[in-house]
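Report on the structure given below.
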Amino acid sequence: MGKKPRTAITPTREENFPEWYQQVIKAADMAENSPVRGCMIIKPYGFALWENMQGVFDGMIKEHGVQNAYFPLLIPLEFISREAEHVEGFAKECAVVTHHRLEQGADGKLQPAEAAKLEEPYVIRPTSETIIGDSMARWIQSYRDLPLKLNQWCNVMRWEMRTRMFLRTSEFLWQEGHNAFETAEEAREDSLKMLEAYRHFAEDYLALPVITGEKTEDERFPGAVATYTIEALMQDGKALQAGTSHDLGQNFSKSIGIKFQGRDGAEQLAHTTSWGISTRMIGGMIMVHGDDDGMIMPPKVAPHQVVILPMVMDDNEEQVMTYAQKAADALKEKGIRVLLDSREMRTSDKMWDAIKKGISVRVEIGGREAENGEVTSVRRDLGRESKSTEGLDAFLNRVELTLDQMQADMLQAAKAKRDDAIKDVSSLAELEAMFKDGHPGFVRIDAVVRNDSDYERVMKEYSLTPRCLPFDDAGKVLIAKAY
RNA sequence: CGGAGUGUAGCGCAGCCUGGUAGCGCAUCUGCUUUGGGAGCAGAGGGUCGCGGGUUCAAAUCCUGCCACUCCGACCA
């Protein structure tokens, strides 16, 4: 068999990172472009990943006392205009619904019916602060109604100029949490708590190392008092904002009227927060974990944690399949998400399919294994070097450990790469030289650099943005190119 | 919205400069042989060449208008 070392994905990351990214998504069968500009079709394998992510995070927020609810897709135009900065921030990317009926035009083609023009247009939600706030204003009467913590899993739409699958699409899936509190301290604390939930989720489930910090004023969410972020670093050296939480102070309460009677009997405005993560995180996982053979799924959220490939010959099909089924059942019994790949395909094709999809552990079962009660397994992140054969029971006993180890190793590897790509500099000139030299990654510098008269020029020239004021390095700012 | 590029079979591309029967690789289907890291041979199916005008006996090819997508910027999760 021809076995020249070939990568499953062309081009390689080195050759053309953006193209590699697209090809990984295609090869793993996660998503494809849609007939609608800027939107994507999430295919079953990609959606399975999202569902697992949802499942984990949904559990986490419920432990924080958050309740799920659902608010409408359409928002009255007037709602959006309530908060001044909010309008400013979103007006230019809102899709607007203006009619409620179609009719045949003179040319026989369907068109919006003039007679069915809406008096007040609706906006397709770019985010739901205003419409949820409207409900909160009615639901909250007394300090006894607080805190109120709501979340919804939904789609939102922002008319983006330039889209990229998962990273930036006009329509995307996310969760948006909206909490209301009695005091400013509680709201501030809450926004930091939700950020910590994001960090925990990203690092301990997606194996994405992130830096937590606060956004600078210019990067703040429209209408927020403070915006907090988790920033991840992709393999090409660009940063990705993977989740944000906002302390909205009383800005939205004031403009929407979320008032309550306080303990002293006086009327007060609630303090609110909002926080969200989206399908964008999937893009981050691809760009942090993927290699030149495709996706690598962190075991904790992998759609399939183990794939079993039966190596069937003409004379042993029944024996091998029976044994493979037994192994699959035993794994399922342990709560492992296992896929027995019994499709009628060449085994080598199934193998590459499993590799490109990034299935965490691959198990090969052929005549030898069936005969001896063994399994042969390989970890996706380590490749064929990690191939080993052992008794089925021994494998079953350690499989959870193996998955945990892989999860930990993936985070560790990503962290090492990330830390390597953070450079400290002490002047703007040094920073400029760094990026002029093509530095891939973060540069850490005294936050006062932002007062430098030449700061704007340098940032613009190298398309840099301040990613955050990291909590772990007071007085510093992290600067990088970003998605 | 600027700059660049690409639209030809499911996917990736050649053909265009110099107009003349629409091709290649992979995938698909059939048969046989194979089978532990991308199998071999033989055969088969599959196309309004992005869309509309124009030039011409003749257009994937030349002219022209439009559309879509991708990349790089500006904007943003």
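Every chain is numbered from 1 and lettered A, B, ... according to where its sequence line falls, protein lines coming before strand lines.
Contacts between residues 152-160 of chain A and RNA chain B, defined by a heavy-atom separation under 4.0 Å, are made by A/Arg158, A/Glu160.
Among the protein residues, A/Gly243 comes within range of no part of the nucleic acid, since none of its heavy atoms lies under 4.0 Å from any strand. Residue-level contact check: A/Ser463 touches the backbone only, with heavy atoms under 4.0 Å from sugar-phosphate atoms and none from bases. In this structure, A/Ile355 reaches the bases: a heavy-atom distance under 4.0 Å links it to at least one base atom across the strands shown. Looking at heavy-atom distances under 4.0 Å, A/Ser348 makes contact with sugar-phosphate atoms alone, never a base. Among the atoms of the strands shown, base atoms are found under 4.0 Å from some heavy atom of A/Leu167.
In terms of phosphate contacts, A/Asn33 brings a side-chain nitrogen or oxygen within less than 4.0 Å of OP1 or OP2 of B/U70. Taking only side-chain nitrogens and oxygens, A/Lys356 never comes nearer than 4.0 Å to OP1 or OP2 of B/G38. A sub-4.0 Å separation between OP1 or OP2 of B/C69 and a side-chain N or O of A/Gln22 is absent.
A/Ala224 pairs by the side chain to side chain contact (heavy atoms under 4.5 Å, CB included) definition with A/Arg220, A/Phe221, A/Thr227, A/His246, A/Leu248, not counting sequence neighbours. The ring pair (Phe, Tyr, Trp, His ring centres under 6.0 Å) check on A/Trp275 picks up nothing, with sequence neighbours excluded. Every residue meeting the side chain to side chain contact (heavy atoms under 4.5 Å, CB included) condition with A/Ser386, not counting sequence neighbours, appears here in chain and number order: A/Val378, A/Arg379, A/Leu382. Scored by the side chain to side chain contact (heavy atoms under 4.5 Å, CB included) test, A/Asp236 finds A/Phe17, A/Met234, A/Lys238, A/Tyr483 as partners (sequence neighbours excluded).
Closest to the A/Pro18 side chain, of the nucleotides B/C71, B/G38, B/C69, is B/C71. Among B/C69, B/G38, B/C71, the nucleotide with an atom closest to any side-chain atom of A/Ala8 is B/G38. Relative to the side chain of A/Lys26, the nucleotides B/G37, B/G12, B/G73 differ in distance, and B/G12 lies closest.
Residue whose closest nucleotide on RNA chain B sits further toward the 5' end, between A/Ser170 and A/Arg164: A/Arg164.
Counting atom types as modelled, A/Gln23 pairs no side-chain N or O with a base atom of B/G12 as donor and acceptor under 3.5 Å. Counting distance only, with no hydrogens placed and no angle test, the side-chain atoms of A/Arg362 and the base atoms of B/G37 include a donor-acceptor pair under 3.5 Å.
Between A/Asp291 and A/Arg13 there is no salt bridge, since none of the side-chain N atoms of the basic residue sits less than 4.0 Å from a carboxylate O of the acidic one.
Because its NZ or CZ atom is not both nearer than 6.0 Å to the ring centre of A/Tyr462 and within 45° of the ring axis, A/Lys481 does not count as a cation-pi partner of that residue.
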Report, one line per pair, each donor and acceptor closer than 3.5 Å where one atom sits in a side chain of residues 203-214 of chain A; sequence neighbours left out.
from, atom 1, to, atom 2, distance (Å)
A/Glu203, OE1, A/Arg199, NH1, 2.7
A/Glu203, OE2, A/Val210, N, 2.9
A/Asp204, OD2, A/His200, ND1, 2.6

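We find that NZ of A/Lys350 is positioned 13 Å from P of B/G36, with the value rounded to whole Å.
Nucleotides B/A60 and B/A44 have their C1' atoms positioned 26 Å apart, rounded to a whole Å.
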